[in-house]
Amino acid sequence: MDRRRFLQGATLASGVALGADALARVDLKPKATGGAGMKPRVCSTWDFGVAANQAAWKVLADGGRALDAVEQGVRVPEADLRNHSVGRAGYPDRDGKVTLDASIMDEQGNCGAVAAIEHIAHPISVARRVMERTPHVLLVGDGALQFAVEQGFPREELLTPESEQAWHEWLKTAKYKPVANSEVKTYNAGPGGTPGDASNHDTIGMLAIDAHGNLSGACTTSGMAWKLHGRVGDSPIIGAGLYVDNEVGAATSTGVGEEVIRNVGSFLVVELMRQGRSPEDACREAVERILRRKPGARDIQVGFLAMDKKGNVGAWAIQKGFSYAVCDAAKQDTLIPGKSTY
Ligand code: SD4
């Protein structure tokens, strides 16, 4: 390589490593774009959203930023060993590896994500570092792990003896057939029943509005259990598993991520709210879009959760069994059964 090309390469490499360019370009200071005096509120997917909301609420009740609230909130299920679907103790893929997906987005449209990252218990915080310290949006696999370790995140074994045992149980019946939809068949055969349903749910998606009227969202998951190694779901894909537009609202999703990605689900929900639909109506239309395009999707679960610019919350799912938690000054442990098409 000639010297000039080498120097060009070195400059690019150090700019990326230091994130100096990124910091110069990304405006990370919160601006009160939403309107001060808003009553803060946070909502999140599934029953474990209650405890996560309460952690987020500590930030919001203190006048903190929605971005900090959602990060702190979703770290709770990430660390929870009873939760086999997020972070530490998440069920592994079919090769026995725990691979995690996460994304975060703030009120200015800044976003960061990691996909298929191993050995890091809090992928949401790595996603935030991607957003704040690199010029990129999404880091995957080994590169994401390398970045996390460079940033000081501890490298740990995420497969617990209990999750390993569950994987061995699954292996007794599973045939390694990497064909389309094989994961869905194994979910049906497994303890969870419906793919993505309440007993085999995987994801926490959280949306918050702070006292400045600013919205942020976070989404983190170990993805679908027994997935192919390297499979990435909707959760780290901005627009699919998470989307925030501070002028309109925010949305997140849970369930079988492939259907959400195909329909750019969370972006769709936000755009429907932009057209005047309520959060619930927007979520319902996004679910029905999935069903119209693929009627067979009635056998799986997908749920959307949305919050509008005023803090109104709504949700809709394909099937019964979806739940979401809402927390504000009035009540910190509300758990609502999600309405559904079937
Ligand atoms: C995924 N959407 O990886 C996630 C999993 C999930 O309920 O939410 N399951 O596809």
Side-chain angles (χ1 to χ4, degrees), residues 43-49 52 74 77-78 83-87 89-94 97-103 113-118 123-124 127 138 140-141 144 180-184 186-188 190-207 217-243 251-269 283 286-287 290 294 297 299-305 315-325 338 340:
C43 62
S44 55
T45 55
W46 303 112
D47 300 18
F48 51 65
V74 303
E78 278 185 343
N83 184 328
H84 293 297
S85 54
V86 180
Y91 279 150
D93 62 22
R94 62 173 61 197
K97 293 176 176 157
V98 180
T99 68
L100 308 176
D101 296 340
S103 63
V114 289
I117 188 172
E118 293 182 55
I124 197 63
L138 173 61
V140 306
N181 300 328
S182 62
E183 294 82 357
V184 171
T186 57
Y187 290 132
N188 278 332
T194 305
D197 78 1
S199 53
N200 124 4
H201 53 69
D202 301 79
T203 302
I204 182 152
M206 176 178 279
L207 311 170
C219 190
T220 178
T221 186
S222 56
M224 303 303 266
W226 334 129
K227 62 194 174 186
L228 289 181
H229 184 60
R231 178 266 190 189
V232 171
D234 55 325
S235 308
I237 308 297
I238 297 297
L242 179 69
Y243 198 67
T252 189
S253 60
T254 182
V256 178
E258 282 74 4
E259 297 313 319
V260 179
I261 293 173
R262 282 185 185 110
N263 292 278
V264 202
S266 292
F267 182 73
L268 175 60
V269 170
C283 291
V287 161
I290 290 174
K294 195 181 204 182
D299 296 331
I300 59 158
Q301 180 64 304
V302 168
F304 288 107
L305 174 65
W316 199 269
I318 295 180
Q319 304 201 24
K320 288 193 184 65
F322 177 51
S323 59
Y324 62 100
S340 61

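Counting starts at 1 for both ligands and their atoms, following the listed order. No hydrogens, no waters, no symmetry mates; every other heavy atom, side chains included, goes into these values.
At under 3.5 Å, a nitrogen or oxygen of Thr254, whether backbone or side chain, sits near a nitrogen or oxygen of ligand 1. At under 3.5 Å, a nitrogen or oxygen of Gly255, whether backbone or side chain, sits near a nitrogen or oxygen of ligand 1. Ligand 1 has no N or O atom lying under 3.5 Å from any N or O atom of Ser253, backbone or side chain. Considering backbone and side-chain N/O of Arg231, one or more are found under 3.5 Å from N/O of ligand 1. Among the atoms of Gly223, none of the N or O lies under 3.5 angstrom from an N or O of ligand 1.
Close contacts of ligand 1 with Asp234, meaning ligand atoms under 4.0 Å from a residue heavy atom, involve 1 (C), 2 (N), 4 (C), 10 (O).
Lys294 and Glu259 are joined by a salt bridge, as a carboxylate oxygen and a charged side-chain nitrogen come within less than 4.0 angstrom of each other.
The side-chain contact (heavy atoms from CB on, under 4.5 Å) test applied to Ala317 returns Gln301, Phe322, Ser340, not counting sequence neighbours. In this view, Ile261 and Asp234, Ile237, Ala240 satisfy the side-chain contact (heavy atoms from CB on, under 4.5 Å) rule, not counting sequence neighbours.
Looking at Thr99 and Lys227, their side chains come closer than 4.5 Å, going by heavy atoms from C-beta outward.
A distance-only check finds no donor-acceptor pair linking the side chain of Ser103 to the backbone of Ala113 [under 3.5 Å].
Of all heavy-atom pairs spanning Ala115 and Asp101, the tightest one is CA-OD1, 3.4 Å.
The residue from Thr203, Ile261, Leu100 that puts a heavy atom closest to atom 5 (C) of ligand 1 is Thr203.
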